[in-house]
**Student:** 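Mind having a look at this structure? Questions to follow.
Side chains included, hydrogens not; waters and symmetry mates left out as well; all remaining heavy atoms used. The sequence lines fix the lettering, A, B, ..., with proteins before strands; numbering per chain opens at 1.
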Amino acid sequence: MTALLLQTRLPVSDYDLAATLACGQAFRWRATELGWEGVIGPRWVRLRAVEGDILAETVASPDDWRWLVDYLQAELNLASILATFPDDEPMRASVEACRGLRLLRQEPWECLASFILSSTKQIVQIQQIVELLCTRFGSALATPLGARMTHAFPTATQLATTTEADLRACKMGFRAPNLLAAARAVDSGELDLNMVGQGTVEQAREELMRLPGVGPKIANCVLLFAYGYQQAFPVDVWVMKALRQLYFPKRQPRPERLQRFVDTYFGPNAGYAQQYLFHYMRTRR
DNA sequence: CACCAGGGTACCT
DNA sequence: AGGTACCATGGT
């Protein structure tokens with residue numbers, strides 16, 4: 001299905017699209033000759049940097065671009081966030097290596113489902129699994145000719161009516177029953193994702209962790225990337241490596257000691273600092 | 001080809 | 001409480 005393209009230009013400062021879209025917080029962005037192509041909610045989107053601003057193309061429908069500004073966090077004052085990071089050598093190196101990296105504000109269901117699929121998977125593989133899931137179960141989108149991303153992320157309701165075997169066919173292995181359980185919980189109303197963002201970060205985390213296959217790490221990713229709880233600090237293998245190597249090179253602190261450290265040391269935007277450490281560790285050398 | 005990947009859980013001392 | 005095997009798949 002082809003459609004007319006609509007353009008807008010978002011004024012931004014200090015925004016690195018590549019770092020932001022490919023740093024492992026979202027999984028549906030691909031670099032093409034014409035820019036970064038992806039899907040936000042029910043819309044196909046293409047983005048590219050033009051004179052420091054962001055030029056966005058989508059198919060005609062909205063005359064309001066609020067959904068895009070929110071997703072990209074285009075109006076966020078990044079410098080005021082970075083100013084709250086601890087003034088130490090690892091964070092200085094991370095900020096230097098991650099110029100213009102932003103945290104996105106993603107749709108909760110897509111974020112939750114994607115990170116349920118992420119456990120012990122490389123980012124490239126997560127992208128492949130998510131794309132299989134979208135083409136098989138997501139609704140077809142209005143797209144320009146030659147688009148790579150042609151389907152929306154499947155809704156919880158769409159996935160709730162699949163089977164574990166259907167999902168395993170998308171190469172997600174042992175994660176299939178966990179995704180199915182999450183889809184059913186959201187579809188049935190047993191888990192209300194709109195309510196999760198209302199309470200404290202602890203309440204929200206507890207609610208998400210009631211799902212099978214959702215532990216502290218995945219819950220924190222959703223809290224940070226979808227709900228914007230800046231205190232949420234996901235610790236994966238890379239961040240663990242960063243913490244041990246850069247902050248505790250001598251001895252190995254116990255998990256509880258480490259948890260207390262990340263919850264106090266990195267300040268009010270600890271989650272943001274975490275993403276900078278993550279990207280720094282993954283891109284150096 | 002081993003080794004590892006944006007983990008979580010059940011089961012064992 | 002703290003270790004450990006296992007889960008499925010494929011990139012490096």
**Student:** So, is the end of the Arg282(A) side chain (NZ or CZ) under 6.0 Å from the ring centre of Tyr280(A) and within 45° of the ring's axis?
**Tutor:** no
**Student:** Nearest whole Å is fine: how far is dA8(C) P from Leu167(A) CG?
**Tutor:** 15 Å
**Student:** Indicate, with a heavy-atom threshold strictly under 4.0 Å, whether Lys171(A) touches base, sugar-phosphate, or nothing.
**Tutor:** sugar-phosphate
**Student:** Scan Gln127(A) against the nucleic acid and name what it touches under 4.0 Å (heavy atoms): base, sugar-phosphate only, or nothing.
**Tutor:** nothing
**Student:** Relative to the 5' end of DNA chain C, which residue comes earlier, Val124(A) or Gly173(A), by the nucleotide with the nearest heavy atom?
**Tutor:** Gly173(A)
**Student:** Regarding Thr120(A), tell me which of base, sugar-phosphate or nothing describes its non-hydrogen contacts under 4.0 Å with the strands shown.
**Tutor:** base
**Student:** Using purine N1 to pyrimidine N3 plus N6-O4 or O6-N4 for Watson-Crick, or N1-O2 and O6-N3 for G-U wobble, both under 3.5 Å, which nucleotide pairs with dG8(B)?
**Tutor:** dC6(C)
**Student:** Roughly how far apart, to the nearest Å, are dC11(B) and dA8(C) at atom P?
**Tutor:** 16 Å
**Student:** Quick one: Trp238(A) CH2 to dT12(C) C1', roughly how many Å, whole number?
**Tutor:** 11 Å
**Student:** Is the distance between the ring centroids of Tyr272(A) and Phe266(A) under 6.0 Å?
**Tutor:** no
**Student:** Flag yes if more than 12 heavy atoms outside Arg210(A) fall under 6.0 Å of its CZ atom; otherwise flag no.
**Tutor:** no
**Student:** Please confirm whether Arg30(A) makes a cation-pi placement over Trp36(A), using NZ or CZ under 6.0 Å from the six-membered ring centre and within 45° of the ring normal.
**Tutor:** no
**Student:** Report yes if a side-chain nitrogen or oxygen of Arg175(A) is closer than 4.0 Å to either non-bridging phosphate oxygen (OP1 or OP2) of dA8(C); otherwise report no.
**Tutor:** no
**Student:** Does this structure show an ion pair linking Glu202(A) with Arg205(A), if we count only N-O contacts that are shorter than 4.0 Å?
**Tutor:** no
**Student:** In Watson-Crick or G-U wobble terms, both distances under 3.5 Å, what is the partner of dG11(C)?
**Tutor:** dC3(B)
**Student:** Are Phe27(A) and Phe153(A) close enough that their ring centres sit under 6.0 Å apart?
**Tutor:** no
**Student:** Both Ile126(A) and Gly213(A) contact DNA chain B. Which one's nearest nucleotide lies toward the 5' end?
**Tutor:** Ile126(A)
**Student:** Heavy atoms under 4.0 Å, any strand shown: does Pro216(A) hit a base, just sugar-phosphate, or nothing?
**Tutor:** sugar-phosphate
**Student:** Hey, is Arg9(A) close enough to Glu51(A) for a salt bridge, meaning N to O under 4.0 Å?
**Tutor:** yes
**Student:** Roughly how many Å apart are dG6(B) and dG3(C), using the P atom of each and rounding to a whole number?
**Tutor:** 24 Å
**Student:** Using a 4.0 Å heavy-atom cut-off, does Phe27(A) contact any base of the nucleic acid, only the sugar-phosphate backbone, or nothing at all?
**Tutor:** nothing
**Student:** Identify whether the distance between the nearest side-chain nitrogen and carboxylate oxygen of Arg99(A) and Asp14(A) falls below 4.0 Å.
**Tutor:** no
**Student:** Less than 4.0 angstrom between a side-chain N/O of Gln125(A) and OP1 or OP2 of dA8(C), yes or no?
**Tutor:** no
**Student:** Of all nucleotides in DNA chain B with an atom under 4.0 Å from a non-hydrogen atom of chain A, which is the first and which the last going 5' to 3'?
**Tutor:** dA5(B) to dT9(B)
**Student:** What contact category does Glu256(A) fall into here, base, sugar-phosphate, or nothing, at under 4.0 angstrom with non-hydrogen atoms?
**Tutor:** nothing
**Student:** Round to the nearest Å and state the distance from Leu132(A) atom CG to dG10(C) atom C1'.
**Tutor:** 13 Å
**Student:** Quick one: label Val235(A) by what it contacts on the DNA or RNA (base, sugar-phosphate, nothing), any heavy atom closer than 4.0 Å.
**Tutor:** nothing
**Student:** In whole Å, what is the span from the NZ atom of Lys121(A) to the C1' atom of dT12(C)?
**Tutor:** 14 Å
